[in-house]
Amino acid sequence: MDTTTKSKAETIKEKSLKYNLQSWSKQGGLNPIAVEKAEGIYYWDYDGNRYADMSSQLVNLNLGHGNREIIEAVKEQAETYCFMGPSFAVESRATLAEMVINLLPDNFGKVFFTNAGADANENAIKMARMFTGRKKIFSRYRSYHGSTFGAGNLTGEPRRYPLEPGIPGFVKFFDPYIYREPIKFESEEAAAAYYVAKLREQICYEGPDSVAAIVLETITGSNGVIIPPTGYLKGVRKICDDYGIVLICDEVMAGFGRTGTMFAFEHFGIKPDIVTFAKGITCGYVPLGGAAVSKEIAAYFDDHFLSCGLTYSGHPLACAAGVACVNYYSEHQILNHVNEVGKVLGEELEAIKAKHACVGDARYIGLFAAIELVKDKATREPIVSYGGDPKGVMGKIVGLLKQKKFMTYSHENMILICPPLIITEEQLKEEMAKMDAVLDIVDKEML
Ligand code: PLP
């Protein structure tokens with residue numbers, strides 16, 4: 001590497017630190033990697049170091065870096081025209097909406113496109129409120145739905161706090177987080193029945209006629225890949241049916257193949273009323289999100305004013321990227337691949353859990369996984385307490401992984417493992433060996 005290249009990396013880094021505010025961080029002491037190039041599951045810094053993208057950036061880069069089909073589709077759209085406002089009929093926008101509806105169950109009718117996940121949720125709850133004429137919105141504590149005001153109020157975890165006291169009528173309930181539940185259930189069904197009964201009771205006390213929507217991440221993502229027990233979502237669906245409440249599944253992170261089905265709710269035999277999506281629909285090549293609504297909700301807006309709008313709703317470049325992504329998922333049988341490689345990931349994680357004293361739980365479905373680090377397997381005491389890690393233990397562990405060029409992020413006491421869906425078995429094994437080595441250090445030095 002010559003000095004000119006080196007100085008370019010340093011310049012970019014310095015400028016970035018001087019002018020960019022970085023998300024979810026104290027701004028002092030940051031040390032971003034200046035990225036020179038990226039391909040497949042890897043990216044490289046200007047010193048030629050290769051990093052494995054084991055979180056698919058922010059669990060959005062499902063098809064990895066440098067996908068030629070997506071790049072060419074965006075180029076072609078840019079050559080045709082880059083932008084036409086949402087009121088125009090645009091080929092990529094109409095085609096992508098049709099493709100999304102065809103991927104969803106037969107009760108789905110239309111799509112409202114947004115820029116990303118947060119505004120997908122914002123618009124979903126607005127539509128649910130207009131459709132039902134009700135105001136209250138239920139969502140869960142261990143959830144992340146975005147950082148804008150409405151989506152931030154749906155969010156239950158600490159990233160909600162700066163928005164407090166929050167929007168009146170936004171009610172939180174507890175998720176079926178069995179690993180940390182003091183009650184020990186006989187079966188998944190028994191656990192599901194318990195949580196559903198508690199939710200029904202809470203809805204009754206809030207007044208069912210005032211509840212517009214229940215919003216949930218079908219499988220909780222950044223809060224630790226919490227997979228609902230068998231029967232839970234069917235129970236929530238029944239509550240919604242009994243009281244005329246709109247069921248909104250936030251599939252921003254879990255959707256588009258991450259769990260081995262196109263949408264995560266397919267694992268649980270339910271049909272939501274609204275599905276929000278973002279991330280994997282364009283894999284970050286151009287930002288895009290959306291809320292797909294049922295035929296019934298779509299029909300309601302035939303003669304009721306849809307009070308939603310964004311300058312960039314269904315941006316043609318983003319929709320062109322989306323069409324290319326959705327085509328790629330089917331033409332390259334990505335779901336089959338996720339299920340095959342996901343099986344290997346599951347085996348690796350079970351082995352890691354059995355071997356390491358610090359691994360309390362490993363949860364995985366498809367290529368969506370998290371390990372939960374504990375001080376003591378028997379008591380399940382987390383390695384860092386909820387909402388607090390004053391000694392920066394999790395940062396150190398993620399730092400050890402980074403030294404080995406295994407790149408991911410943590411949340412509370414959990415580490416996410418969500419590689420691009422195109423990862424090969426060989427690549428996965430190479431990276432999981434690095435995780436194993438880091439957990440050896442945690443076992444020996446950090447408990
Ligand atoms: N919903 C879920 C489940 C998410 O994981 C995220 C982001 O991580 C969002 C919504 C917000 O999406 P965005 O950051 O694109 O606004």
Side-chain angles (χ1 to χ4, degrees), residues 21-25 53 55-62 112-126 128 137-160 162-163 170 172 175 177 213-228 233 247-259 262-265 267 272 274-292 310 312-315 318 321-322 325 363 365-370 408-412 414 416-418:
L21 281 170
Q22 208 179 100
S23 319
W24 311 119
S25 318
D53 198 344
S55 64
S56 308
Q57 293 298 300
L58 299 178
V59 200
N60 63 321
L61 203 88
N62 288 8
F112 181 78
F113 283 119
T114 63
N115 298 306
D119 53 341
N121 287 323
E122 298 277 351
N123 284 287
I125 54 180
K126 272 177 77 173
I137 307 285
F138 270 57
S139 62
R140 298 190 299 201
Y141 279 106
R142 284 189 181 268
S143 70
Y144 181 72
H145 295 287
S147 83
T148 53
F149 210 88
N153 269 271
L154 289 177
T155 293
E157 47 113 312
R159 282 180 278 181
R160 162 175 56 99
L163 303 168
F170 277 48
K172 296 286 173 299
D175 9 68
Y177 184 27
I214 298 177
V215 185
L216 33 80
E217 288 179 75
T218 319
I219 293 175
T220 301
S222 52
N223 279 256
V225 187
I226 302 170
I227 303 167
L233 285 167
L247 177 57
I248 303 177
C249 283
D250 177 342
E251 294 262 349
V252 168
M253 193 176 267
F256 288 94
R258 175 60 53 195
T259 69
M262 203 37 125
F263 295 99
F265 65 76
H267 293 285
I274 300 184
V275 170
T276 57
F277 57 85
K279 299 188 187 264
I281 189 163
T282 54
C283 299
Y285 283 67
V286 187
L288 183 72
L310 298 160
Y312 297 128
S313 176
H315 195 291
C325 281
R363 296 185 286 270
I365 180 164
L367 287 170
F368 203 24
T408 188
Y409 58 94
S410 64
H411 181 89
E412 294 176 33
M414 295 171 243
L416 291 191
I417 304 153
C418 307

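Note that these values count all heavy atoms, side chains included, but never hydrogens, waters or copies made by symmetry. One-based numbering, in listed order, for ligands and for the atoms of each. Owing to the predicted nature of the structure, the values given are computational and were not obtained by experimental measurement.
- Taking only nitrogen or oxygen atoms, main chain and side chain alike, S222 does not reach within less than 3.5 Å of ligand 1.
- Distances shorter than 4.0 angstrom occur between a heavy atom of K279 and an atom of ligand 1.
- Checking side-chain atoms of D250 against main-chain N and O of V252 turns up a donor-acceptor pair under 3.5 Å.
- Between E157 and K172 there is no salt bridge, since none of the side-chain N atoms of the basic residue sits less than 4.0 Å from a carboxylate O of the acidic one.
- The protein heavy-atom contact nearest to atom 1 (N) of ligand 1 is D250 OD2, 2.8 Å.
- Within a 4.0 Å radius of atom 12 (O) of ligand 1, the protein contributes one or more non-hydrogen atoms.
- The closest donor-acceptor contact from the side chain of E217 to the backbone of G221 lies under 3.5 Å.
- Considering backbone and side-chain N/O atoms, G117 comes within less than 3.5 Å of an N/O atom of ligand 1.
- Under the 4.5 Å side-chain criterion, counting only non-hydrogen atoms from C-beta, I214 is not in contact with I248.
- Within the 4.5 Å cutoff, the side chain of V215 has heavy atoms near those of the I137 side chain.
- Put simply, the side chain of H145 never gets that close to the backbone of G117: no donor and acceptor are under 3.5 Å apart.
- Without hydrogens or angle criteria, T408 side chain to L416 main chain gives a donor-acceptor distance under 3.5 Å.
- Nearest to atom 5 (O) of ligand 1 among the protein's heavy atoms is M253 CE, 3.5 Å.
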Does the pair Y409 and W24 meet the rule for a side-chain contact (heavy atoms from CB on, under 4.5 Å), with working shown?
CA-CA 12 Å; Y409 58 94; W24 311 119; over 6 Å; no

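- Heavy atoms of E217 found under 4.0 angstrom from ligand 1 belong exclusively to the side chain.
- Of the heavy atoms in N121, only side-chain atoms (C-beta onward) come closer than 4.0 Å to ligand 1.
- Using a 4.0 Å cut-off to heavy atoms of V252, the atoms of ligand 1 that qualify are 1 (N), 2 (C), 4 (C), 6 (C), 9 (C), 10 (C), 12 (O).
- Where the criterion is an N or O separation shorter than 3.5 Å, residue side chain and backbone included, A118 meets it with respect to ligand 1.
- Looking from atom 2 (C) of ligand 1 to the surrounding protein, the closest heavy atom is Y144 O, 3.2 Å.
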